[in-house]
Amino acid sequence: MHTPFDHALREFDRVNGQDPRMRTLNGASHPRELIFAQRVSHWIAQLSPDASEAVRLAARSHTLRRWDIPRTQYPMDTAGYHEWRATTAAHSARSAAVVLRHFGYSDEMVRRVRQLIRRELFPHDPDAQLLEDADCLAFLELKLVDYLDRWDEEKVARILHGTWAKMSQGARSLAAGLPLDPRAMALINMLAPS
């Protein structure tokens with residue numbers, strides 16, 4: 001028998017499967033937010049096998065329907081990125097809440113998941129740190145190479161430095177073992193010399 005958790009994850013995947021943007025992973029093409037959310041869930045399980053239900057729900061829904069709000073609608077600078085990220089987080093939190101309520105989750109659980117998606121308690125809350133760690137790991141394995149091809153090394157180094165600063169030591173250890181592009185590994189090694 002399927003639980004509300006199973007139903008919610010399946011619905012999150014169905015919605016994220018509508019992302020028109022595609023990403024290739026292991027030679028196959030997937031809707032971008034679908035594969036990203038699934039990789040964030042994977043990293044949650046690696047970092048904390050006993051993670052709370054709230055953070056596991058947030059992991060799968062924290063970028064839900066992100067494609068509705070294109071990055072290009074905001075200035076292509078750091079302030080524009082932060083504004084876009086806050087707007088998409090609020091949008092994803094609202095979208096996730098609809099799904100969670102549909103499957104009978106309590107107001108308290110809905111509030112908690114929305115809090116995690118909007119990063120309200122980061123970095124002081126352990127679940128918020130766990131979600132950030134998993135998000136950063138998925139970013140490194142799936143999106144960093146696009147940045148390397150699009151921007152100069154100095155800008156990528158700044159992005160990596162910001163990513164690294166948000167990660168726990170456990171997540172940094174996992175990141176150091178990722179099979180990344182050699183250019184990315186060189187930059188990471190500058191942040192975390194062995």
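Keep in mind that what you see is a predicted model, and the values were worked out from it rather than measured.
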message: Would you say CD of E120 has more than 12 non-hydrogen atoms from neighbouring residues, nucleotides or ligands within 6.0 angstrom?
response: yes
message: Does any part of the side chain of L100, heavy atoms only, come nearer than 4.5 Å to the side chain of F5, both counted from C-beta?
response: no
task: Rounded to the nearest 0.5 Å, what's the gap from CG on D135 to OG1 on T63? Could you check?
output: 8.0 Å
- prompt: Below 4.0 angstrom, N of the basic side chain to O of the carboxylate: do D149 and R183 qualify?
  reply: yes
- prompt: Using a distance-only test with no angle check, is there a side-chain donor-acceptor pair under 3.5 angstrom linking S95 and R65?
  reply: no
query: Are L34 and D19 close enough that some pair of their side-chain heavy atoms sits under 4.5 Å apart?
result: no
Separation of N16 CG from H30 NE2 (nearest 0.5 Å): 13.5 Å
field: Minimal non-hydrogen separation, S92 against S61, with atom names
entry: CB-O, 3.7 Å
- prompt: Does a sphere of radius 6.0 Å around CD in E154 hold more than 12 heavy atoms from other residues, nucleotides or ligands, not counting ones at 6.0 Å or beyond?
  reply: no
- request: Using distance alone, with no hydrogens and no angle criterion, decide if W67 and Q18 have a side-chain donor and acceptor under 3.5 Å apart.
  value: no
query: Is a salt bridge present between R10 and D13, judged by a nitrogen-to-oxygen distance below 4.0 Å?
result: no
Modelled atom types, side-chain donor and acceptor of R85 and Y81, under 3.5 Å: yes
task: Of all the heavy-atom pairs spanning L160 and A184, show the shortest one and how long it is.
output: CD1-O, 4.2 Å
task: With side-chain contact (heavy atoms from CB on, under 4.5 Å) as the test, would you mind laying out the steps for R56 and R60 before giving the verdict?
output: CA-CA 7 Å; R56 290 184 295 141; R60 202 61 151 257; over 6 Å; no
query: Given side chains that start at C-beta, do those of I159 and F139 come closer than 4.5 Å, heavy atoms only?
result: yes
Stepwise side-chain contact (heavy atoms from CB on, under 4.5 Å) check, Y105 with V99: CA-CA 9 Å; Y105 276 99; V99 172; over 6 Å; no
- prompt: What heavy-atom pair brings A175 and M167 nearest, and what distance separates the two atoms?
  reply: CB-CE, 3.8 Å
task: Kindly compute the distance separating NE2 (H62) from CD1 (I117), expressed to the nearest 0.5 Å.
output: 8.5 Å
query: Within the distance-only criterion (no hydrogens, no angle test), does the side chain of R172 pair as donor or acceptor with the backbone N or O of W164 below 3.5 angstrom?
result: yes
query: Under 3.5 Å, side chain of T3 to main-chain N/O of D6, donor-acceptor pair present?
result: yes
- request: Using the ring of F36 (Phe, Tyr or Trp, six-membered ring only), decide whether R23 places NZ or CZ under 6.0 Å from its centre and within 45 degrees of its axis.
  value: no
message: Check whether Y147 forms a cation-pi arrangement with K155 (NZ or CZ under 6.0 Å from the six-membered ring centre, at most 45° off the ring normal).
response: no
field: Between CD1 on residue I35 and CG on residue L25, distance to nearest 0.5 Å
entry: 5.0 Å
query: Which atom names give the shortest non-hydrogen contact between V40 and A138, and what distance separates them?
result: CG2-CB, 3.7 Å
message: In this structure, would M185 and L187 fall into the same cluster of hydrophobic residues linked by side-chain contacts under 4.5 Å?
response: yes
message: With rounding to the nearest 0.5 angstrom, report the CE to CZ distance, M109 to R101.
response: 13.5 Å
Verdict with reasoning, W43 to L131, per side-chain contact (heavy atoms from CB on, under 4.5 Å): CA-CA 9 Å; W43 288 115; L131 180 59; over 6 Å; no
query: Within 45 degrees of the axis of the six-membered ring of F122 and under 6.0 Å from its centre: does R119 put its NZ or CZ there?
result: yes
- prompt: Do NZ/NE/NH1/NH2 and the carboxylate oxygens of R112 and D125 come within less than 4.0 Å?
  reply: yes
task: For the pair W84 (side chain) and M76 (backbone), establish whether a donor and an acceptor sit closer than 3.5 Å, ignoring hydrogens and angles.
output: no
field: From CG (D127) to CD1 (I44), nearest 0.5 Å
entry: 8.0 Å
message: Could you go through L144 and T163, starting from their C-alpha distance and side-chain angles, then the distance that decides it, and tell me whether this counts as side-chain contact (heavy atoms from CB on, under 4.5 Å)?
response: CA-CA 11 Å; L144 180 59; T163 300; over 6 Å; no
message: Can you confirm whether the side chains of S168 and Q129 place a donor and an acceptor under 3.5 Å from each other?
response: no
- line: Correct closest heavy-atom pair for L57 and A8 would be CD2-CB, 3.9 Å
